[in-house]
Engineer: 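Below is a structure I'd like to ask you about.
Hydrogens, waters and symmetry mates play no part in the numbers below; they use all other heavy atoms, side chains included. All values derive from a computational prediction rather than experimental measurement. In what follows, chains carry the letters A, B, and so on, assigned in the order in which the sequence lines appear, proteins first and then strands, with residues in each chain numbered from 1.
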Amino acid sequence: MLPKFSYIRPDKLDQAVAQIQAGNAAIHAGGTDLLGCLRERIIKSEKIVSISGLEKLRGVRETVEGGLRIGALTTITGMAEDPLVRKKYPGLAMAASEVASPQLRNQGTLGGNLCQKPRCWYYRGEFHCLRKGGNQCYAIEGENQFHAIFGHDNICVITHPSDTAPVLSALGAKVQVIGPGGGRNIAVADLHVPPRDDVRAETVLDQGEIITHVDIPPPPAGLYTSYRKVRARRSWDFALAGAALALVMDGDRVVRASIVFSGAAPVPWRSREAEQALAGNTLSDDTIDKVCRAATAGAKPLRENRYKVPMFRGMLEEELRKARLQEKA
Amino acid sequence: MEKNDHDDKQGNGYSRRGFMQFIGVGAGVVGASLLSPPLRRPLKAEDVGTIFPASEMVKVRLAVNGTVHAVLVEPRWSLLYVLREIIGMTGTKIGCDRGECGACTVLIDDVPRYSCMTLAVEAENRTITTVEGLMKGEELGPVQTAFVETDAFQCGYCTSGQIMAVEGLLRKVESPSPEEIRLGCSGNLCRCGAYPNIFAAAGKAAQLKSK
Ligand SMILES: Cc1cc2nc3c(=O)[nH]c(=O)nc-3n(C[C@@H](O)[C@@H](O)[C@H](O)COP(=O)(O)OP(=O)(O)OC[C@H]3O[C@@H](n4cnc5c(N)ncnc54)[C@H](O)[C@@H]3O)c2cc1C
Ligand code: SF4
Ligand code: FES
Ligand code: FES
């Protein structure tokens with residue numbers, strides 16, 4: 001049974017902002033992550049503010065510039081099946097359709113997907129680790145086969161759990177946020193907090209701030225997008241290794257490359273090394289090889305997750321070959 | 001929808017059965033609330049929305065299989081708990097209680113969801129369908145029939161969840177491809193590994209439905 005909490009379901013956005021600001025309130029969107037966090041006492045709120053009644057935050061629409069504005073309450077299924085998402089950014093639809101299971105996709109929302117808590121088993125279990133305010137990371141010396149190989153700085157070695165964030169980050173999307181101090185927008189690439197900046201925080205959002213929409217810029221000519229997720233089972237499992245590609249192609253030459261990994265680091269992990277090795281080049285075997293080696297050169301695997309290094313390399317190679325085939329077709 | 005409203009029929013907000021089970025389950029809590037002032041409706045405040053205080057049970061109306069049940073719930077109760085323990089419909093099964101098995105699958109507005117991961121208060125004003133709601137009077141509905149005819153279970157524990165997943169799929173896609181069936185059932189674990197027959201049952205159910 002969950003701990004006791006009061007529950008408020010506002011009808012309007014400004015009510016929600018006021019309610020979340022007051023007291024130690026937590027936001028409920030689809031609830032698929034929140035309920036588990038409440039049960040495991042990871043989130044200790046006695047007040048739940050459900051935004052599920054805010055219908056205006058639901059749905060996908062095209063912007064005048066030709067990009068998309070996706071409401072934070074749009075379900076993951078809604079994104080996976082949306083014709084505009086599939087047409088403009090197939091990689092985002094792929095990522096959405098790889099999240100969790102059908103039932104969880106029917107309920108989970110985009111906003112919740114971006115703001116979900118990490119899945120480290122010490123953190124979800126009874127360990128009072130660094131991220132929960134304790135004084136040590138249990139995973140660094142412990143069971144870490146599913147943990148990070150990049151960006152952990154030996155502080156906290158979680159991998160960021162979201163499948164949609166890497167694609168949105170690669171596409172240069174921004175979240176629109178509203179809070180007590182008014183509105184602001186934040187690049188998805190800057191939304192998540194690396195452990196060296198603050199090991200207790202997952203996002204840069206302040207208490208009381210709500211994501212209302214995610215804006216994706218219009219797809220440039222020659223945009224190729226994809227998302228690949230390697231995992232143990234086809235349902236439920238989080239990424240062992242994943243990659244979002246957003247490549248701007250001119251014929252068979254890659255003009256611009258964004259490569260963001262999932263299952264890799266405490267935040268969606270932009271591989272600048274891979275991007276640099278790819279930009280300006282054609283997708284030849286030689287380039288692909290260089291890109292894959294560049295991508296994993298800086299990896300800092302832990303005792304039990306060394307397998308991830310060749311896994312990332314192999315997966316990226318397959319993804320780049322697919323991109324090449326697609327361009328030829 | 002309201003024709004069988006327990007609330008209207010019996011005046012106290014409960015079916016007899018639901019009430020007895022309610023007492024059985026949380027006697028301490030119920031005792032307290034029976035002594036306190038009359039059942040509270042959720043507060044509807046202009047400037048706030050719907051409020052359910054933590055310490056009180058509040059009446060919500062849940063439309064399950066075409067019947068509106070007015071039930072007293074705590075905000076923290078899952079829809080699964082309320083269906084089974086308060087309303088007394090035990091066709092929906094409890095497995096992991098954490099979104100990882102599918103035994104608790106129900107349809108909410110025709111879409112499969114895990115009732116263990118849904119707060120009962122979130123299901124207010126929605127249409128809920130459980131496996132009991134697929135019966136055609138005393139007869140099994142088409143998806144249930146297909147499961148029986150293709151032997152799509154061994155221990156049967158996952159079955160009502162599987163049936164609801166297939167029902168949800170068929171409400172969306174009339175004649176799904178084998179891949180669509182596999183995906184549609186991918187949120188439901190079967191520890192007995194009856195998958196081949198479950199997939200066959202889904203195909204058969206599509207045929208039975210279209211007749
Ligand atoms: C068994 C299981 C498997 C899963 N597998 C995957 C997976 O493979 N890939 C994946 O990406 N995810 C996975 N998830 C996580 C899943 O919960 C999310 O994908 C889902 O999208 C969360 O959305 P929600 O609306 O249910 O979030 P909620 O639970 O409602 O919220 C999650 C968090 O975000 C905050 N929040 C929600 N909406 C907003 C908003 N608009 N503004 C600010 N803060 C907000 C909440 O306060 C809360 O802390 C899995 C979850 C479970 C239980
Ligand atoms: S990896 Fe992070 S969340 Fe896991 S035990 Fe270490 S500090 Fe805690
Ligand atoms: S009991 Fe709900 S998914 Fe297992
Ligand atoms: S029949 Fe036993 S779990 Fe599926």
Engineer: Of the backbone (N, CA, C, O) and the side chain (C-beta and beyond), which part of B/T118 lies under 4.5 Å from a heavy atom of chain A, both, or neither?
Structural biologist: both
Engineer: Would B/N197 and B/T150 count as having a side-chain donor-acceptor pair, cut-off 3.5 Å?
Structural biologist: no
Engineer: Within the supplied structure, the quantity of interest is the number of heavy atoms (other residues, nucleotides, ligands) at a distance under 6.0 Å from B/R171 CZ; does it exceed 12?
Structural biologist: yes
Engineer: Name the option with the most non-hydrogen atom pairs under 4.5 Å to chain A; the candidates are B/I108, B/T105, B/L169.
Structural biologist: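 Among B/I108, B/T105, B/L169, the one with the most close pairs to chain A is B/T105.
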Engineer: Pick one of side chain, backbone, both or neither for B/C101, based on which atoms fall under 4.5 Å of a heavy atom in chain A.
Structural biologist: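 Looking at B/C101, just its backbone touches chain A.
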Engineer: Checking side-chain polar atoms at under 3.5 Å, does B/T130 have a donor or acceptor matched by the opposite partner on B/N65?
Structural biologist: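 B/N65 and B/T130 do have a side-chain donor-acceptor pair below 3.5 Å.
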Engineer: With under 30° as parallel and over 60° as perpendicular, where do the rings of A/F127 and A/Y122 fit, or are they tilted in between?
Structural biologist: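 Ring orientation of A/F127 relative to A/Y122: perpendicular.
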Engineer: Checking A/L104 against chain B: side chain, backbone, both or neither under 4.5 Å from a heavy atom?
Structural biologist: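 Its backbone and side chain both get close to chain B.
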Engineer: Shorter than 4.5 Å, heavy atoms on both sides: which option in A/A18, A/S97, A/P3 has the most such pairs with chain B?
Structural biologist: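 The candidate making the most pairs under 4.5 Å is A/P3.
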Engineer: Is B/C185 close to chain A through its backbone or its side chain, or both, or neither, when contacts mean heavy atoms under 4.5 Å?
Structural biologist: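 For B/C185, there is no contact with chain A at all, as no heavy atom is under 4.5 Å.
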Engineer: Can you confirm whether the side chains of B/Y114 and A/T32 place a donor and an acceptor under 3.5 Å from each other?
Structural biologist: no
Engineer: Can you tell which of A/C115, A/P118, A/P266 makes a side-chain contact (heavy atoms from CB on, under 4.5 Å) with A/E202?
Structural biologist: A/P118
Engineer: Using non-hydrogen atoms only, which part of A/T77 is less than 4.5 Å away from chain B: side chain, backbone, both, or neither?
Structural biologist: side chain
